[in-house]
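Step one of this worksheet: look at the structure below.
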Amino acid sequence: MGIHDVDYPIVVEPEGVKIRSEKMQVDKLYYCIYQEKILLFYKEQNEMLNCYEIAEKDVVEEVKQSQSEDIEKILQQYVEKKNLG
């Protein structure tokens, strides 16, 4: 499943980011790029939604220039490095 799939739960629109949490799988990392920042989202077992913002330009640029299958790896490494997960 890629970020451009119609069923992807995160939708970026000119007026903001829409999150369709009912389409999210538990403990799966979702992301989008909005206003030169990466927004990360994941839903916990108890339906709690978590959101993190990555503003570091080097990480944002790396994600922008990567293939979709590499992006999840980059983001996972970032989350582990920052102890967010």
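Below, each value reflects all heavy atoms present in this structure, side chains not excepted, and no hydrogens, waters or symmetry copies.
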*Evaluate the side-chain contact (heavy atoms from CB on, under 4.5 Å) criterion for residues C32 and V17: first the C-alpha distance (whole Å), next the side-chain angles of each, then the deciding distance (0.1 Å), finally the verdict.*
CA-CA 8 Å; C32 70; V17 177; 4.0 Å; yes

*Side-chain donor-acceptor pair under 3.5 Å between Y31 and E72, yes or no?*
no

Nearest-0.5 Å distance, [atom1] of residue [X] to [atom2] of residue [Y]:
X   : Y   : atom1 : atom2 : result
E13 : Y34 : CD    : OH    : 10.0 Å
E80 : L75 : CD    : CG    : 11.0 Å
L29 : Y52 : CG    : OH    : 10.0 Å
N50 : M48 : CG    : CE    : 7.0 Å
E47 : S21 : CD    : OG    : 7.5 Å
Q76 : L40 : CD    : CG    : 9.5 Å

*Does K43 make a cation-pi contact with F41, if we ask for NZ or CZ under 6.0 Å from the ring centre and within 45° of the axis?*
no

_Quick check: closest heavy atoms across V60 and I54, and the distance to 0.1 Å?_
CG2-O, 3.7 Å

*Please report the shortest heavy-atom distance between K64 and I33, naming the atom on each side.*
CG-CD1, 3.6 Å

_For a 4.5 angstrom cut-off between non-hydrogen side-chain atoms, does E22 reach R20?_
yes

*Are the side chains of I38 and E53 in touch, meaning some heavy atoms are under 4.5 Å apart?*
no

*Candidate pair Y42 and Q25, rule side chain to side chain donor-acceptor pair (under 3.5 Å), full reasoning*: CA-CA 8 Å; Y42 76 91; Q25 294 176 25; over 6 Å; no

*asked:* Taking NZ in K18 as the centre, count heavy atoms belonging to other residues, nucleotides or ligands within less than 6.0 Å. Is the count above 12?
replied: no

*Check whether V11 and I19 end up in the same hydrophobic cluster, where Ile, Leu, Val, Met, Phe, Trp and Tyr are linked by side-chain heavy atoms less than 4.5 Å apart.*
no

*Show your working on ring pair (Phe, Tyr, Trp, His ring centres under 6.0 Å) between Y8 and Y30 and close with a plain yes or no.*
CA-CA 9 Å; Y8 200 73; Y30 296 92; 5.6 Å; yes

*Start with the C-alpha distance between E36 and E61, add both sets of side-chain angles, then the distance that settles side-chain contact (heavy atoms from CB on, under 4.5 Å), and finish with yes or no.*
CA-CA 9 Å; E36 295 304 307; E61 283 307 311; 4.3 Å; yes

